[in-house]
2 protein chains.
Amino acid sequence: MPTPDRTAAKEKFMAFLEEKNLRITSQRRAIVETVFGTDQHFTAEQLLEWARERDASVSRATVYRTLPLLTESGLVHEMDFGKDYKIYDPNYADHPNHNHIICDDCDKIVEFESDKLDALETEISSKLGFSVKSQQLRINASCEEMKKLGACKNKDH
Amino acid sequence: MPTPDRTAAKEKFMAFLEEKNLRITSQRRAIVETVFGTDQHFTAEQLLEWARERDASVSRATVYRTLPLLTESGLVHEMDFGKDYKIYDPNYADHPNHNHIICDDCDKIVEFESDKLDALETEISSKLGFSVKSQQLRINASCEEMKKLGACKNKDH
DNA sequence: AGCAAGTCGAGACCGAGTCTCATTTGCAGG
DNA sequence: CCTGCAAATGAGACTCGGTCTCGACTTGCT
């Protein structure tokens, strides 16, 4: 599974800018190329560093100004794992509602989606008089199955 | 529904301190009285303010030093709603598995519990080879119903 | 009472993120 | 191509929650 249709994402974002009468500057181009040139999650600071490799003139302020545009466009997802920085996911358009299970023992993170879960959340929310805008489920767990199956290689015993 | 058995919580925390060979100081007493003297969620800064009403000598540093002890003891729950500050829940011992809906517009927080949700999480997790240790679901929403019902008083239009 | 270790408050400090402002740049319209 | 101007930019000051340091003060044990 190589990088999906990143060109489409880039173009969608350019269209989004145009729609809002915002300009396509060289710095924004560098940032967008960077964001959709990876599948990895990243922090604002990482994005700054990477974007500067493409265009040294990109400043911290511009990165922080562009990030909200990216999330507003729906192409990038902002996530908060309780650390003191935020994490961004450039694959959001392809997996708009995914959740995370984190193994407390080995720090492995597995993503999953569930229509049942989404439906249940919507149902509960509307009962309480809310309309869902976004959701974030984090499950801390231990991956005992994995250990049984073959984690002997990376742990002692 | 008046305040539940807060005295028990206070005593549990004192016992927790003793167990760890930590001292019971007047400042810690003021903080603990404050924390278990309310049912409300609070921020560190709010706790500082409230605790100072009981004992003016309580400092910011002490509040921030005591909060981790409270969460470590399992009596208070630390939560992160994607704002730039953390929120603490002094009722955690009584409702260990509750979830939150946050209104992005008015910052209202509603708690709920759902056996269906818990079951679904367990089911999904075990399918993926994990066993749940803890979970945190946050739904960001807008409370449109509330607005309809009577927010005319605090908004213009 | 006396002492050692734990704890304290004040304020320096940290780091992610925001804001200001003088300068530059994209992009019509000519 | 040129010109005008609003939008966008970079540098760095700033904000703000939270942490750390350090000398002074308490607690709890003897």
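Side chain of B:S59, nearest nucleotide from C:dA10, D:dG18, D:dG28: C:dA10. Here D:dA11 is the nucleotide among C:dA16, D:dA11, D:dA8 with the atom lying nearest to any side-chain atom of A:A61. Among C:dA16, D:dA8, D:dG18, the nucleotide with an atom closest to any side-chain atom of A:Y85 is C:dA16. Of the candidates D:dG18, C:dC8, C:dA10, C:dA10 carries the atom nearest the B:R52 side chain, counting heavy atoms from C-beta on.
Distances shown here put every side-chain N or O of A:Y64 at or beyond 4.0 Å from the OP1 or OP2 atom of C:dT18. For D:dT26, the OP1/OP2 oxygens have no side-chain nitrogen or oxygen of B:T25 closer than 4.0 Å.
Remark: P of D:dC14 and CZ of A:R60 are 17 Å apart, rounded to the nearest angstrom. Atom CG of B:L67 is separated from atom P of D:dG18 by 8 Å (rounded to the nearest Å). To the nearest angstrom, P of C:dT25 lies 13 Å from CZ of A:R29. The separation between B:Q27 atom CD and D:dA24 atom C1' is 13 Å, rounded to whole Å. In this entry the distance linking NZ of B:K83 with P of D:dG18 reads 14 Å, nearest Å. For the pair A:D84 CG and D:dG17 P, the interatomic distance rounds to 14 Å; values are reported in whole Å. In this entry the distance linking CZ of B:F81 with P of D:dG17 reads 17 Å, nearest Å. Here the C1' atom of nucleotide D:dT26 and the CG atom of B:D55 are 13 Å apart, to the nearest Å.
Using a 4.0 Å heavy-atom criterion, one finds that A:R65 contacts the bases of the nucleic acid, with or without backbone contacts as well.
At a cut-off of 3.5 Å, with distance as the only test, a side-chain donor of B:Y64 or B:E45 sits close to an acceptor on the other residue. B:N91 and B:H77 share no side-chain donor-acceptor pair at under 3.5 Å. A donor-acceptor pair shorter than 3.5 Å can be found between the side chains of A:S59 and A:T62.
Residue-environment remark: NZ (B:K83) exceeds the threshold of 12 foreign heavy atoms within 6.0 Å.
For D:dA6, the base has a donor-acceptor partner in the side chain of A:R23 [N/O atoms by modelled type, under 3.5 angstrom].
When each of B:T43 and A:S26 is assigned the nucleotide of DNA chain D bearing its nearest heavy atom, the one mapping closer to the 5' terminus is A:S26.
To the nearest 0.5 angstrom, B:H100 atom NE2 is 4.0 Å from B:M79 atom CE.
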